Each structure stands twice: as C-alpha cells, then as structure tokens.
Amino acid sequence: MQPLRSLLRIAPALALLTVAGLTAGCGSSGGSDSGNGGGSPRTDAAGSTLSGTIVVSAAASLTGTFDQIKADFTKANPGVTVTISYGGSDTLAAQINAGAPVDVFAAASDKTMALVVDGGNAASTATRFATNTLEIAVPKDNPAKIAALADLARSGVKLALCAPTVPCGAASAKVLAAANLTVTPVTQEQDVKSVLTKVQLGEVDAGLVYKTDVIAAGSTIKGIAFPEAAGAATNYPVVVCKQAPNAAVAKAFVDYVLSAAGQKVLAAAGFAAP
Amino acid sequence: MRDSRGRPPAALLVPAALGTLFLTLPLLGILVRAPWSDIGRQLRTDELQTSLRLSLQCATLATLVSMILGIPLAWVLARVEFPGRAVLRALVTLPLVLPPVVGGVALLYAFGRRGVLGAYLDQHLGITLPFTTTGVVVAETFVAMPFLVISVEGALRALDVRYEDAAATLGASRWFAFRHVTLPALGPGIAAGAVLCWARALGEFGATITFAGNFPGTTQTMPLAVYIALQSNPESALILSLVLLLVSVVILVALRERWAPGRSGDRRPAARAW
C-alpha cells in the first residue's frame, strides 16, 4: 500500500498545483488595489478645494500616462489622493459590476465600457478621451526588412499578433482583413505587451502593437506606421461610476483627463484626440 | 492504523478541516458555476480536443524528460559528496520559486532565437524552440522537473544505504547497484514524484505562454486556452477548466489503481520509510 499512501499524501498538493497553474495568469491582473482605496468621502461639499481619496480603474495600456495625469492632478489638488488600479478592461469592468468601490473607470474599448454602462453602474454616458492606432513593431535591426503592412504576409516572416479575442487582436484582424491580407502568425499573445516583448527579444520579425506601446518601448524596437491603421482605431472612454464613493473628486478627475493639460500628456504618449 | 490510540485531537482536526475547505472550496465553485447544460457541445469542439490532446502529450513528454534527467540528478544530490552540493540543490530547485513568467523569459534568453544557446541552435542547426510544441515541452520540463528531483532525492535519502553497500561487497558496480537495487526500491518515490511533476506540467501556464507562445494546435495547451477564453467568454473558460480538472482526476485515480494493488506486497523498509 505504500504507493497509495504516497499518493494520498500529495493529493492536496496536486489540487493546489492544478488550480495555481490555471489561475496564474489571471491573478496578476486582479485588482489588489480595488479594496484599499475605499474612498473616504470627506469632500467639503461647500468648499472650493477638493479633498479625499478616489479609486480609478484604468486599462493597462494607460499605465504610464495615467501615472503622469495623477501626479499633475494631485499637484493641482493637494487635498486629494488618487489610487489607480490598472488591469485588463474586461477584468476591471467585471470588478465594478461586482460592486467594487471604484470612482472612475477608464476603458480601452467601447465594448468594455458598455459592460459597465449597460450594467447600470455608470453615473452618466461615457466620454471618449483618446484613440490609439496600430503600428508594426520590428526589432531594431529589422531582420526581415519589413516596410509595409503587406510584408507581414510574406512567407518566412515570423509574426506575433494579439489573440483575436483581446482588443488589440480584434483591431489587428480588422486591419488585415480590410487590406485583404492573409497572415499566419507564429503566436497569438494574450495581450499587447507580450507581443512587444517577443519583438524586443527578437523572437519574431514583426508584431502589431499600438503606437503608444512603440513610443513607450523607446529605442529597443522600431515602429512602422501604416495608413491602413486608421480604419481600426481603438477608442478610450472614461466615466464616473454610479456608486462612486467620492463623486465630486471623480468628476474633477475626469474633467482633468479631458482638459488641455490632460490631453497634452496623452498626446505625448502617442494617443490621438478622439 | 485504526483509532486504537484514542480520538484524534481537535487541535489537529479543526485546522485540518479548515485546510480541506480552503483547498476544495474553489474547486466546488467551478463545479457549481459551470454551465452544465452546455458542456456536451463544448466537449465536442475541435479547439477543446486539440488543446486537451496537446496538454496531455506535452505534460507526459515533459514528465519523461524529467525522469530521464531528474532521477540521475536526484541520485547525485543524495549520494555523491562534493563541495557546493547545497548550492547545486538550490540552483536546480530554483524554478520552484521563480515566477513561471520570469522562467519563460529566462528560457528565451537561453534558448530563444537570440539566446545564449538558442542563437547557436538557430544559426548552425536550424532549430528554433520558441513557438513550437517542443518549446512547450521545454517550458513544462523547466518548471516541473524540480518537483520530481525533490521527491526522488527525499526517497533516496530515506532509502537504507546498506542495501547498496551490501551489493557493493558482493562485487556489484555502483551502476549495477543503482539499476538492480536502488531503482526498484525507489519505485514508489519515483511514481509519486512523476505524478507531481506531471500535474505541475499539465497546469503550466506562465513559462509556456512566455517561451512557446500561444497558437492553437502547436502551443496552445489547456491552461492557455482557459486564459484566452476568460477574456472573451468566462463560461467557456469555466468549462475548459472543468475538463482539465476532470481529466487530471481521472488519470491520477486510474494510475493510483494501477500502482496500488501491484505493489501492495512490497515490504521493503526503504519504501515504507518514504
């Protein structure tokens, strides 16, 4: 009976391992921040200076940009603390619909925004604050000599795309279909940053990523803009949540994103005006 | 081993019960939430069958490779005295603590198209591992082999060295003694280690998606399919997870049934010690 006993002894470990493996990918995008902001509603309703804490759920692709906007916003409003929870738009929308105490939601697609608006968890209709377009990313030395979108369909070109189910993959498919190109990627990555990594490491000859990713990657890769990208621009909408613990500050934050100062930060990162 | 020594103490039973609950409740969650009515249709889809077959093949191959390399490694760690043995043990078990995604990036640096060894493989032998099924096996072996090494080393340490000594006094070489004395006595330890290794390989996500990418039919194993599905269709992700869980449970139970009766007569002290 020895092997039986050995197996029984490790059975719980097995269960945990299987579950750990399954959830490893999703756990990282979960909003560990969503709980700690909580929102202390100490807003002086009558006063002109804002105060209190807000929680902003923002799409992962906004990471650097919203950090900057947060810094500028809190500098202008010293009484305010902004906590930003970055993650996949779908995950964030699911958290908000599940009752997470979030004040502002900034999504990377109209579709994910609609989940929150249709779920009755938005205080108003959403406002588009930026758009993003695709670019071809190639390693610095451009080993496959890519110059235009059509080159991606050449045989022997190793291409990385986002999986068709994620927004960047949907946009890629739309662009390629509009250009009548049939490509065979070697991989369908789970998000745009993974495509970028594969290009940075030189594992693929090219990948389709957002213009903002190309700019954020600096000199580690080369970006090639192509005219067909205009047909599949991604919209970024923002909204104040209905259950916002601190609606006044939330409204001010959204206004700041839409203001000239906020738009300047977005433009520097490669976003276009809506 | 019946209750001849009195009742089990509550101080042990209560935490044990809590531990069981903690480990099984998430699984129960999947069972409760799974859209059972749709499961038949989902099971017949090509995507599911392809990724399930790929998962089982790759996990099994990774386990075989782990056994071929890992059992000798465990033997060296347990039986050969040399300076730096503790360091070597720490090094080869590093994948246990390394986040799998980091493991995947490390594999790219080593075996990728521009990696330390990979560049040579690519240019001189025409072998590229990333984005191939072999790449999946490499990633799974990297993450899962330490589980086998640790199990087998533990079993070896518990094994009475006098059996090997006796073989040596009878004129057996160390290699002969390993094959005819050590290995048979190690059976249960190896089996338990292999099961643990297989289960870990089956659930592997991070290293696989980072190193081997994600493409249906070549590198998209079940955990990858689950993650991709989760972003667009949580229900189908739930079904995929359920299938993976059921298949692993069925295989683990089947294997246990095979081992248990055949070995029940095994009364070697070594086996009991482990």
Side-chain angles (χ1 to χ4, degrees), chain A residues 1-29 88-91 94 111-112 139 141 143 158-167 169-170 184-191 194-195 197-198 200-205 207, chain B residues 19-20 23-24 26-27 99-101 105 108-109 112-114 130-131 147 151 187-189 191-192 195-196 199-200 202-206 209-210 212-216 218-220 223-224 226-234 241 244-245 248 252 255-256 259-260 263-264 266 268 271-272 274:
Chain A
M1 293 309 283
Q2 301 309 328
L4 173 62
R5 210 188 302 164
S6 312
L7 276 171
L8 284 177
R9 217 177 294 176
I10 59 168
L14 287 179
L16 190 63
L17 281 170
T18 315
V19 176
L22 285 176
T23 55
C26 340
S28 55
S29 59
S89 298
D90 300 38
T91 315
K111 200 182 103 199
T112 41
D141 54 350
K158 286 199 170 186
L159 173 69
L161 295 180
C162 287
T165 49
V166 300
T184 316
V186 290
T187 180
Q188 299 175 340
E189 295 291 319
Q190 78 269 34
D191 56 41
S194 308
V195 173
T197 306
K198 298 290 195 289
Q200 280 172 323
L201 292 173
E203 294 301 336
V204 293
D205 300 318
Chain B
T20 309
L23 291 175
T24 51
L27 305 182
V101 179
V105 175
L108 281 175
Y109 286 144
R113 202 153 63 133
R114 296 186 179 176
F131 315 123
F147 286 87
S151 299
V195 166
L196 201 56
R200 180 64 187 88
L202 192 70
E204 216 305 301
F205 171 83
I209 200 163
T210 310
N214 169 59
F215 197 79
T218 51
T219 64
Q220 191 183 71
L224 273 58
V226 168
Y227 184 68
I228 299 293
L230 205 57
Q231 312 206 352
S232 59
N233 185 354
S241 321
L244 187 59
L245 279 175
S248 3
L252 293 177
L255 285 179
R256 192 195 65 185
W259 286 334
R263 296 265 184 172
S264 54
D266 197 337
R268 264 179 257 257
R272 196 179 307 152
W274 198 77

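As the structure is a prediction and not an experimental result, all values here were calculated from the model.
Of the atoms belonging to Pro185(A), heavy atoms from both backbone and side chain fall under 4.5 Å from chain B. Interface residue Pro143(A): only side-chain heavy atoms are found under 4.5 Å from chain B.
Judged by distance alone, the side chain of Asn214(B) and the main-chain N or O of Glu189(A) form no donor-acceptor pair under 3.5 Å. Between the side chain of Arg113(B) and the main chain of Gly202(A), a donor-acceptor pair closer than 3.5 Å is present.
Residues Gln188(A) and Leu224(B) form no side-chain contact, since every pair of their non-hydrogen atoms from C-beta on lies 4.5 Å or further apart. Residues Pro130(B) and Lys198(A) form no side-chain contact, since every pair of their non-hydrogen atoms from C-beta on lies 4.5 Å or further apart.
Nearest heavy-atom pair across Phe215(B) and Val186(A) is CB-O, 3.6 Å. Scanning both residues, Thr187(A) and Gly213(B), for their nearest heavy atoms gives OG1-CA, 3.2 Å. In plain terms, the two heavy atoms of Gln190(A) and Ile209(B) that are nearest each other are OE1-CD1, 3.4 Å.
Atom CG of Asp191(A) is separated from atom OH of Tyr227(B) by 6.0 Å, given to the nearest 0.5 angstrom.
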